[in-house]
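Structure, as structure tokens:
Every chain is numbered from 1, with letters handed out A, B, ... down the list of sequences. These values consider heavy atoms only, across backbone and side chains, with no hydrogens, waters or symmetry-generated copies.
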Amino acid sequence: MSPVADVVDDLSWRGLIAQTTDLAALRRDLAAGPVTLYCGFDPTADSLHVGSLVPLLALRRFQLAGHRPVALAGGATGFIGDPSGRSSERVLMTAEVVADRVRLIRRQLERFLDFDDSPSGAVLADNLEWTAPMSAIEFLRDVGKHFPIGAMLAKESVSARLESGGLTFTEFSYQLLQANDYLELYRRHGCTLQIGGNDQWGNITAGLDLIRRVEGAERAPVHALTLPLVTDASGAKIGKSTGGGNVWLDPALTSPYSLYQYLLNVDDRDVGTYLRLLTFLPRERVEELDAATSDRPQARAAQRCLAEELTALVHGPGELAAVQAASAALFGAGSLEDLDEATLTAALAEAPSLQLGTGPVPTVVELLAGSLGISRSDARRAVRDGGAYLNNARVGDEADRPGEGAWLHGRFLVLRRGKRTIAVVERPAPADAPPL
RNA sequence: GGCGGGUUGCCCGAGUGGUCAAAGGGAGCAGACUGUAAAUCUGCCGGCUCAGCCUACGAAGGUUCGAACCCUUCACCCGCCA
């Protein structure tokens, strides 16, 4: 990927700009030389998810254009809880949980940016560093004094909450902490641009106001840019799996196979948007894929490309290859019996699995439940509904047990629920059993 | 601090002593149709050793042959008043 000539133009055609402060001034400053910008990531979970990639990759886009990104982990703000976009108060996390999550998230942030000594070398920060040492008196005098209550109440995040049941002083204060972060990064790193989801607009402008009051408007030409909060065709946020859960970046939470499959299954109506927001593909390529989707939707060229780009970006080319082999084997035309053991093993490495010991062979229902992590009632229902498959053959009866001939290469059973959910059952290899 | 209202299954929400594993909607799962898509139709949608049993309607006790529904206490939320 080559550096982008004009990062604003690039963001613009991708649909990545929701709101900005003075756009002409921002363009001018970006053209004048490397600008330091930041985006905050609060530790709301053990991992970032696909949705978090939109702002994170936006930081990367700025870096590729020669600017210096600061990724800020919200070690302090995570304690408080951002009221933005929430209808009810957050449950406070313990210090251990926050610290743990910050550690995990920092590690993920590092992977998407370049940390070198060049002018565009990234910086990783944690707002706990300057927030924790601040006393309540300092906070109220040095930060709080600059915030008229009227302006704070007018923020969308606050007024929405006042409508829907209120909020506590704790969350009300959140915007002050985030504003102070911007001021702090302005002072430490000369940071003059903050980006974030569009729900962050209020918090970001709170920072602008603070910096201008403290530093003076002329001396501090600071900017804000927000990214649109994109929802898919069904109204869900990006990165929500059909199961309702997030699609995580941590391979322990969402396997590379699941990520790949999630992206491969993206709705036709959304895939163009996702290509723009989540990949670095040039405009011509994206428009080519748009055309491919409308001309030959069944080929799903755009989905395939999206899945490849992101799986490689998040998990590396090695994982991508493994995942593609798995998908080809499991969804391919050939029968499972024809696969050689190496291909089969690789394909199934990504699937949830159940290891059997010796002893009597359980029923298919028990195997489904054990391998897919569902209840036996659920497994029973799957069989009753005709949605359970053993080695791609529909299971007819709840009491069925796999026969000796069902074991692929003497060791494996491939179980499937519906079209896409696959699991594997493995038993110890018979010492002298000939391959099937 | 006072008074009133509330807490139901993943979410919203009906249910005021037996016919309640609990209406309805959403989400989700499966089948049919497809392109591992969408839309549509159909079935399912607490657990289990599944024609039955167990657990569940904020928590703990109590009344009753029988409680999501009545009583007591506790916790949390909301509104009005101070």
Rounded to whole Å, please give me the gap between CD1 in A:Ile374 and C1' in B:C44. 13 Å
Judged by nearest nucleotide, the residue sitting upstream toward the 5' end of RNA chain B, A:Glu366 or A:Gln298, is A:Gln298
Round to a whole Å and report the spacing from CZ of A:Arg384 to C1' of B:G31. 14 Å
Distance between P atoms of B:A68 and B:G61 (Å, rounded): 15 Å
Base, sugar-phosphate or nothing for A:Tyr260? Non-hydrogen atoms, less than 4.0 Å. nothing
Residue A:Arg381, side-chain atoms from C-beta onward, closest of B:C48, B:G43, B:G47: B:G47
Applying the Watson-Crick and G-U wobble criteria at under 3.5 Å, what pairs with B:A32? Answer none if nothing qualifies. B:U40
Scan A:Arg394 against the nucleic acid and name what it touches under 4.0 Å (heavy atoms): base, sugar-phosphate only, or nothing. sugar-phosphate
For a 4.5 angstrom cut-off between non-hydrogen side-chain atoms, does A:Asp400 reach A:Thr363? no
Distance, rounded to the nearest Å, where A:Arg304 contributes CZ and B:A37 contributes P: 12 Å
I'd like to know if A:Glu110 and A:Arg107 make a salt bridge, using a cut-off of under 4.0 Å between side-chain N and carboxylate O. no
Decide yes or no, distance alone: a donor-acceptor N/O pair under 3.5 angstrom between the base of B:C50 and the side-chain of A:Ser377. yes
Please measure how far the C1' atom in B:A67 lies from the corresponding atom in B:U19, and state the result in whole Å. 15 Å
Residue A:Thr421, side-chain atoms from C-beta onward, closest of B:G35, B:G47, B:A30: B:A30
Using the P atom on both, measure B:A30 against B:G24 and round to a whole Å. 22 Å
Rounded to whole angstrom, note down the P distance from B:A21 over to B:C54. 12 Å
Length of the line joining A:Lys419:NZ and B:A38:P, which is rounded to integer Å: 10 Å
Among the candidates B:A38, B:G35, B:C50, find the nucleotide nearest to the side-chain atoms of A:Arg380. B:C50
Selected nucleotide, minimal atom distance to A:Ser375 side chain, candidates B:A38, B:G35, B:C48: B:C48
On the ring face of A:Tyr389, is A:Arg416 found with NZ or CZ under 6.0 Å from the centre and within 45° of the axis? yes
Would you call A:Lys145 and A:Glu138 a salt bridge, taking side-chain N to carboxylate O under 4.0 Å as the test? no
Write down the distance between CG (A:Asp270) and C1' (B:G35), rounded to a whole number of angstrom. 16 Å
For B:U16 versus B:C70, give the span between their C1' atoms, rounded off to a whole number of Å. 9 Å
Touch check for A:Arg300, heavy atoms < 4.0 angstrom, all strands: base, sugar-phosphate only, or nothing? base
Could you state the CG-P distance from A:Asp295 to B:A37, rounded to the nearest angstrom? 21 Å
A:Arg420 has its side chain closest, among B:A38, B:A30, B:A37, to B:A37
Paired with B:A75: which nucleotide, if any, by Watson-Crick or G-U wobble criteria at under 3.5 Å for both distances? B:U7
Has A:Arg276 got its NZ or CZ under 6.0 Å from the middle of the six-membered ring of A:Trp13, at an angle within 45 degrees of the ring axis? no
Where do A:Leu227 and A:Ile17 land on the side-chain contact (heavy atoms from CB on, under 4.5 Å) test, with the steps shown first? CA-CA 5 Å; A:Leu227 310 162; A:Ile17 300 179; over 6 Å; no
Say you pick atom P in B:U42 and the same atom in B:A51; how far apart are they, in whole Å? 28 Å
Options B:U49, B:A37, B:U34, nucleotide nearest the side-chain atoms of A:Asp268: B:A37
Both distances below 3.5 Å, Watson-Crick or wobble geometry, any strand: find the nucleotide opposite B:C20. none
Report yes if at least one side-chain N or O of A:Tyr274 is closer than 4.0 Å to OP1 or OP2 of B:A37; otherwise report no. no
Taking atom C1' in both B:C74 and B:U7, what distance in whole Å separates the two? 14 Å
Re B:A67: Watson-Crick or G-U wobble partner, both distances kept under 3.5 Å, found to be none
What interatomic distance, in whole Å, is found between C1' of B:C50 and the corresponding atom of B:G46? 13 Å
Run through A:Asp267, A:Asp270, A:Asp268 and flag the one making a side-chain contact (heavy atoms from CB on, under 4.5 Å) with A:Gln303. A:Asp268
Shortest side-chain distance from A:Gln303, nucleotide among B:G35, B:C48, B:A30: B:G35
How close or far is atom C1' of B:A51 from atom CD of A:Glu398, stated in whole angstroms? 13 Å
Which nucleotide in B:G47, B:A38, B:C33 has an atom nearest any side-chain atom of A:Arg269: B:A38
Please tell me which of A:Pro297 and A:Asp378 maps to the more 5' nucleotide of RNA chain B, matching each residue to the nucleotide holding its nearest heavy atom. A:Pro297
Nucleotide B:C29, atom P - distance to CG of A:Leu372 in whole Å: 13 Å
